[in-house]
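Values reported hereafter were calculated over all heavy atoms of this structure, with side chains retained and with hydrogens, waters and symmetry mates removed. Indexing begins at 1, ligand by ligand and atom by atom, following the structure's order.
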Amino acid sequence: MSAAGAEGSRSIDAGSYRVIIDTGLRHDYAAMIVAAAPAHHYVVITDDTVGAQYAEPLVVALARHGRVSSERVPAGEAHKTRDSWARLTDSMLATGCGRDTTVIALGGGVVGDLAGFVAATYMRGVPVVQCPTSLLAMIDASVGGKTGVDTAAGKNLVGAFHPPAVVLIDVETLATLPPAHRRAGLAEAIKHGVIADADYFERIGAEVSDLLEVRPAATVELVVRSVEIKSAVVRADPRERGLRRTLNFGHTLGHALEHVSGYSLLHGEAVAIGMVLEARLAERIGIAASGTAKRIEALLRRAELPVEPPRSLSPEAVLEATRRDKKASKGAVTYSLPAGIGTMAGEERDWSIEVGDALVREVLA
Ligand SMILES: NC(=O)c1ccc[n+]([C@@H]2O[C@H](COP(=O)([O-])OP(=O)(O)OC[C@H]3O[C@@H](n4cnc5c(N)ncnc54)[C@H](O)[C@@H]3O)[C@@H](O)[C@H]2O)c1
Ligand SMILES: [Zn+2]
């Protein structure tokens with residue numbers, strides 16, 4: 001086994017690290033972790049749900065290569081906090097983890113962000129290997145090097161850039177992911193199609209039922225293409241000064257809806273609604289080809305995702321929440337908007353377009 005992956009695995013160059021994708025790859029995780037980030041001590045960080053399914057064989061296999069400890073947090077966004085970070089780092093200090101430690105993030109995006117931030121800060125930084133188990137984490141959170149935790153003031157406000165040593169993706173683990181989370185992950189894949197690849201957008205439409213059932217062949221291709229798109233954007237603009245903002249399509253209104261719903265909408269569900277509304281904004285401003293919003297809406301419906309804001313949410317509260325978003329720098333709320341399926345608008349404005357409140361009210365009404 002080499003760091004490049006098992007025979008037949010797909011391997012994508014994400015800049016300083018590789019993303020390896022296959023079915024059944026988890027059986028080779030230990031050897032691949034040791035090849036990419038050899039250490040004296042391996043710390044597997046997971047949550048209770050994912051840990052119960054997948055942690056033990058990994059811990060046993062890693063124990064053949066060094067000292068291993070296993071850390072668990074309760075599942076869910078509510079635990080992506082500084083408290084969890086403090087507990088994890090205290091525990092690592094108590095078990096005597098030195099600088100020669102590799103952290104393994106085994107779980108969804110919550111575990112990936114939290115364990116990544118632990119690795120970024122422990123002894124001023126130790127390697128992290130991302131082993132994402134949710135579709136969202138596979139195609140989005142594990143790639144790009146952003147790590148962090150939430151605070152009372154908002155999501156992801158304390159964190160660090162800390163690219164992984166390698167990302168290991170076993171699409172078979174999606175078999176146990178609840179269907180709502182599969183759909184939420186698909187929303188981000190559809191976003192990748194809109195921002196960068198019209199053929200990919202069409203292909204998701206043609207294969208949507210296989211994708212909802214996470215059939216291996218279609219799912220591997222989906223993860224590969226999404227990781228290619230995300231990693232190409234991140235490589236071109238690692239610190240989000242320009243092109244990386246295109247990944248925020250659907251997210252200005254998406255984050256606001258997510259927040260105002262009290263997080264009863266999953267992130268991907270909020271982004272689905274956000275994409276439809278923001279595509280309508282783009283059409284009204286005259287920068288998107290007409291029909292763009294309808295095409296996005298039709299595909300999201302086929303993926304069984306919501307396409308309109310819940311009636312219980314007040315449009316004014318949503319508008320207000322867009323102003324709280326950290327992307328609203330200097331007071332103006334900006335959007336990353338499509339020119340059509342497969343291309344984004346506003347390159348000359350660093351991909352961030354100001355939109356007046358009146359128009360936003362119109363699409364929210
Ligand atoms: N760093 C980034 O660039 C980036 C990008 C996008 C999102 N994120 C972050 O990712 C987080 C959301 O990620 P998420 O949707 O994966 O949430 P999550 O980690 O909470 O996972 C969703 C749920 O699915 C469960 N789960 C995960 N994999 C499973 C599996 N294979 N089988 C059974 N259950 C499984 C988890 O226990 C959890 O209950 C947010 O905190 C968001 O801020 C980060
Ligand atoms: Zn997102």
- Message: When you compare the side chains of S226 and H192, does any donor N or O come within less than 3.5 Å of an acceptor on the partner?
- Response: yes

- Message: Judged on heavy-atom distance to atom 26 (N) of ligand 1, which of D150, V234, V50 sits nearest?
- Response: V50

- Message: What's the separation between atom CG in L337 and atom CD1 in I195, rounded to the nearest 0.5 Å?
- Response: 12.5 Å

- Query: What is the closest protein heavy atom to atom 44 (C) of ligand 1, and at what distance does it sit?
  - Reply: D113 OD2, 3.2 Å

- Message: For the Zn ion (ligand 2), give me the closest N/O/S atom belonging to E188, just the atom name.
- Response: OE2

- Note on the structure: protein heavy-atom neighbour closest to atom 15 (O) of ligand 1 works out as L136 CD2, 3.7 Å

- Which of the atoms of ligand 1 are close to T133, meaning less than 4.0 Å from one of its heavy atoms? 27 (C), 28 (N), 29 (C), 30 (C), 31 (N)

- Query: Counting from 1, what ligand 1 atoms have a heavy atom of K155 closer than 4.0 Å?
  - Reply: 43 (O)

- Note on the structure: Candidates S134, G268, G76; heavy atom nearest atom 16 (O) of ligand 1 found on S134

- Message: Considering non-hydrogen atoms of the protein only, which is the closest contact for atom 30 (C) of ligand 1, and what is the distance?
- Response: T176 OG1, 3.5 Å

- Query: What atoms of ligand 1 come closer than 4.0 angstrom to any heavy atom of K146?
  - Reply: 1 (N), 3 (O)

- R99 atom CZ, over 12 foreign heavy atoms within 6.0 Å: no

- Are L253 and V318 close enough that some pair of their side-chain heavy atoms sits under 4.5 Å apart? yes

- Task: Could you please compute the angle at the Zn ion (ligand 2) from NE2 of H251 to NE2 of H267, rounded to 10°?
- Result: 100°

- Nearest heavy atom to atom 25 (C) of ligand 1: which of T147, V111, L177 does it belong to? L177

- So does E347 have more than 12 non-hydrogen atoms from other groups sitting under 6.0 Å from CD? no

- Message: Using a 3.5 Å distance criterion without hydrogens, assess whether the side chain of R182 forms a donor-acceptor pair with backbone atoms of A175.
- Response: yes

- Query: Got a salt bridge between D237 and R245, using NZ or NE/NH1/NH2 to carboxylate O under 4.0 Å?
  - Reply: no

- Task: Tell me, please: is K230 in heavy-atom contact with ligand 1, that is, under 4.0 Å?
- Result: yes

- Message: Just to confirm my output: which protein heavy-atom neighbour is closest to atom 43 (O) of ligand 1, and how far is it?
- Response: K80 NZ, 3.0 Å

- Message: What protein heavy atom lies closest to atom 21 (O) of ligand 1? Include the residue and the distance to one decimal.
- Response: G108 CA, 4.2 Å

- Item | Closest candidate by heavy atom, reference atom 19 (O) of ligand 1, pool V143, L174, V110, V149 | V110

- Note on the structure: So OG1 of T133 and CG of L168: to nearest 0.5 Å the spacing works out to 12.5 Å

- Message: Counting neighbours of CD on E56 that are heavy atoms of other residues, nucleotides or ligands and sit closer than 6.0 Å, is the number greater than 12?
- Response: no

- Checking E308, E297, E362 against R280 for salt bridge (charged side-chain N to carboxylate O under 4.0 Å, His left out), the one that qualifies is E297

- Here the atoms of ligand 1 under 4.0 Å from any heavy atom belonging to H181 are 22 (C), 23 (C)

- Query: Does even one non-hydrogen atom of Q53 get within less than 4.0 Å of ligand 1?
  - Reply: no

- side-chain contact (heavy atoms from CB on, under 4.5 Å) partners for L93, two or more places apart: D90, Y122, M123

- Counting from 1, what ligand 1 atoms have a heavy atom of N156 closer than 4.0 Å? 43 (O)

- Item | Protein heavy atom at shortest distance from atom 14 (P) of ligand 1 | G109 N, 3.5 Å

- Check ligand 1 against T173 and write out every atom of the ligand that is under 4.0 Å from a heavy-atom position of the residue. 30 (C), 31 (N)

- Residue D47 vicinity, atoms of ligand 1 by number, heavy atom under 4.0 Å: 36 (C), 37 (O)

- Evaluate salt bridge (charged side-chain N to carboxylate O under 4.0 Å, His left out) for D13 paired with R235, printing each intermediate quantity in order. CA-CA 10 Å; D13 181 357; R235 284 178 74 169; 3.7 Å; yes

- Salt bridge between E228 and R225, side-chain N to carboxylate O under 4.0 Å? yes

- Could you list which atoms of ligand 1 come closer than 4.0 Å to a heavy atom of A75? 37 (O), 39 (O)

- Separation of I33 CD1 from L62 CG (nearest 0.5 Å): 5.0 Å

- atom 41 (O) of ligand 1: nearest protein contact (heavy atom, Å): E77 OE1, 2.6 Å

